[in-house]
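Just so we're on the same page: letters track the sequence lines, and every chain starts at 1. All of these numbers come straight from a predicted model, not from anything done at the bench.
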2 protein chains.
Amino acid sequence: MPFDLLINNISKYIHLDEAERDIFMSHLKPIQIKRKQFTLNEGEICRNSVFVTNGCLRGFTVDKNGIEHVLSFAPLGWWIADMYSLISQKPGILNIEALEDTEGIILSKTNQEKLYHEVPKFERFFRILTENSLVANQQRIVDNMSLTAEERYGIFCKRYPTLIDYLPQKQIASYIGVTPEFFSRMRSSLIKKK
Amino acid sequence: MPFDLLINNISKYIHLDEAERDIFMSHLKPIQIKRKQFTLNEGEICRNSVFVTNGCLRGFTVDKNGIEHVLSFAPLGWWIADMYSLISQKPGILNIEALEDTEGIILSKTNQEKLYHEVPKFERFFRILTENSLVANQQRIVDNMSLTAEERYGIFCKRYPTLIDYLPQKQIASYIGVTPEFFSRMRSSLIKKK
DNA sequence: CTCATTTCTTAACCTACATCATCTTTCCGG
DNA sequence: CCGGAAAGATGATGTAGGTTAAGAAATGAG
């Protein structure tokens, strides 16, 4: 069952009977994304959320100097979308790219709205999902304002232990908000300390 | 009617009939907060959301060096709470303080949950509210990573024109993530440029 | 397996912003 | 409307992290 991971995930927050599960699944679509392929480009309107079941996506913006800033990683079990664009249906600023060959499940905005009407319980699920995401983002703002790069790296390591050795350093550097060069220096000075 | 502002606000997102409005209002409680009074201290469990109808609140954290970091302002028409603590019902890190004598409306976590059961439509309302907040927070993360202090100030001015002359400079400085000294210098250099 | 591309490292130098200190101005509580 | 506290201005100096550059190591497409 390709949708099992997602169904289990949802069942942590709302109970679904068989009929509701079927309705839900009828709105889903599997997707395969090749390494380095984009599922969303800045300037486009985001029409889907993606739930990753294998591999990893990253969401990033590009600033006026051409520098990339990673807003989020979506490894197994995570949702990703350009929330601004998805909600407003206006062109967004997020690029979403596969870091390796990745499999996922697509829920289109249209189907998500149908779902809200057919099974209102899903309002609850996505409210909770959004709340959790909001909390994480607020914490990240606080961290970025009050901690050094080294401390932010420490937090990243605790929060995403599986990603540390998996991701290219430059991606982690971009996520915590420093240059790859500085990140490299920081890491080697951390190793010396021990 | 003291709850009018809030009811109008909600009516932009969901339609309420008279009975639903009454149920909602039965869960609300007005509150008065004196200047410099705290409605929430870090370390406490956040049990309420506050909707401001007059005056202004600020939510901020204090880092290990004793420096304050403003996460949000809540002027007229805005909600404020420590979302982490409110959701998890664990001790939070946010302080909420009145910048002047302030009036608001309290919705307790308990009543909010009752409301979800009595009028499920409110799941929708708070989902939308949370989504909007998430989008704003994500944008702030991107801005903090990719823009200079001066550019962030420009964005603040556009987004919160009413707050610019109203708030003490040090509060704005804290929100955009610089020291009051640097903010002061930045402002005077901006004035010279014109 | 291999070579071209991407990623990582290291070093010298640079800058946006912080810190500390002192003075002036504004504000608000009695 | 006054006095003390808080907020703001400004100068000198410090630093976390950026930039540029150039070589070394890893990696993945064919």
Side-chain angles (χ1 to χ4, degrees), chain A residues 33-37 55-56 58 60 62-70 73 97-102 143-156 163-193, chain B residues 33-37 55-56 58 60 62-70 73 97-102 143-156 163-193:
Chain A
I33 312 129
K34 285 269 165 219
R35 175 167 204 270
K36 300 206 173 177
Q37 191 185 329
C56 189
R58 67 189 261 256
F60 67 98
V62 181
D63 70 23
K64 61 177 189 295
N65 303 314
I67 294 170
E68 295 182 1
H69 302 277
V70 173
F73 297 110
E97 182 198 13
L99 288 169
E100 62 173 318
D101 291 358
T102 296
D143 291 348
N144 285 341
M145 290 202 297
S146 59
L147 302 179
T148 63
E150 207 169 301
E151 290 166 323
R152 265 145 37 215
Y153 177 55
I155 287 173
F156 183 88
L163 296 185
I164 302 161
D165 304 315
Y166 164 74
L167 291 173
Q169 280 180 211
K170 61 181 290 202
Q171 299 300 339
I172 301 177
S174 172
Y175 181 91
I176 70 171
V178 296
T179 58
E181 292 90 341
F182 182 77
F183 185 78
S184 172
R185 254 185 291 175
M186 203 183 77
R187 256 177 50 99
S188 70
S189 93
L190 277 177
I191 290 163
K192 270 176 211 158
K193 276 184 194 170
Chain B
I33 313 127
K34 285 268 167 220
R35 176 168 203 269
K36 299 208 174 172
Q37 192 185 328
C56 189
R58 68 188 260 256
F60 67 98
V62 181
D63 70 25
K64 61 176 189 296
N65 302 315
I67 294 170
E68 296 182 0
H69 302 277
V70 173
F73 297 110
E97 182 198 14
L99 288 170
E100 62 172 318
D101 291 0
T102 297
D143 290 347
N144 285 342
M145 290 202 297
S146 59
L147 302 180
T148 63
E150 207 169 301
E151 291 167 321
R152 262 142 43 211
Y153 177 54
I155 286 172
F156 183 88
L163 296 184
I164 303 162
D165 304 317
Y166 165 72
L167 292 172
Q169 280 180 211
K170 61 182 289 203
Q171 300 300 339
I172 301 177
S174 173
Y175 181 92
I176 69 169
V178 294
T179 58
E181 293 90 336
F182 184 77
F183 185 77
S184 170
R185 255 185 290 241
M186 202 183 75
R187 256 177 49 100
S188 70
S189 92
L190 277 177
I191 289 162
K192 271 179 210 157
K193 276 186 193 171

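- Neither OP1 nor OP2 of D:dG17 sits under 4.0 Å from any side-chain N or O of A:T179.
- Looking at B:R185, its side chain comes within 3.5 Å of the base of D:dG11 through a donor and an acceptor atom.
- A residue-by-residue look at A:E181 and A:T148 shows that A:T148 has its nearest nucleotide of DNA chain D further toward the 5' end.
- Rounded to an integer number of Å, the gap from B:L99 CG to C:dC28 P is 11 Å.
- Of the candidates C:dC17, D:dG17, D:dT19, the closest approach to any side-chain atom of A:A149 belongs to D:dG17.
- Using a 4.0 Å cutoff on non-hydrogen atoms, the parts of residues 165-175 of chain B near DNA chain D are B:P168, B:Q169, B:K170, ordered by number.
- In this structure, CD of B:E68 is placed 13 Å from C1' of D:dA7, rounded to the nearest angstrom.
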Worksheet item: Going through the checks in order, is the ring pair (Phe, Tyr, Trp, His ring centres under 6.0 Å) test met by A:F60 and A:Y175?
Response: CA-CA 9 Å; A:F60 67 98; A:Y175 181 91; over 10 Å; no

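- When distances are taken from the side chain of A:S184 to each of D:dG18, C:dC17, C:dC8, the shortest belongs to C:dC8.
- Distance CD1 (B:I176) to C1' (C:dA18): 14 Å, rounded to an integer number of Å.
- Regarding A:L147, its CG atom lies at a distance of 15 Å from the P atom of D:dA16, rounded to whole Å.
- Across every non-hydrogen atom of A:N144 and A:I176, the tightest pair is OD1-O, 4.3 Å.
- Checked by distance alone, B:R35 brings no side-chain donor or acceptor within 3.5 Å of a matching partner on the base of C:dG29.
- In this structure, the CD1 atom of B:I67 is 12 Å from the C1' atom of C:dC17, given to the nearest Å.
- Counting to the nearest Å, the C1' atom of C:dC17 and the CG atom of A:N144 are 16 Å from each other.
- One interatomic measurement links the two molecules: CD of B:E151 to P of C:dA16, which rounds to 11 Å at whole-angstrom precision.
- Atoms CE (B:M186) and P (C:dA18) sit 10 Å apart, rounded to a whole Å.
- The residue among B:G177 and B:K36 whose nearest nucleotide of DNA chain C is located toward the 5' end is B:G177.
- Comparing D:dG17, C:dT9, C:dA18 by their closest approach to the side chain of B:F182 singles out C:dA18.
- Side-chain atoms of A:D101 come within 3.5 Å of backbone atoms of A:R35 as a donor-acceptor pair (strictly under, hydrogens ignored).
- The side-chain heavy atoms of B:Q169 and B:R187, taken from C-beta on, include a pair separated by under 4.5 Å.
- Contact check for A:R152 versus A:V178: side-chain heavy atoms found under the 4.5 Å cut-off.
- Closest contact between the side chain of B:R187 and the listed nucleotides C:dT9, D:dA9, C:dC17 involves D:dA9.
- Side-chain contact between A:R185 and A:F182 is present, with at least one heavy-atom pair separated by less than 4.5 Å.
- The two residues B:V70 and B:Q171 have their closest heavy-atom pair at CG2-OE1, 3.6 Å.
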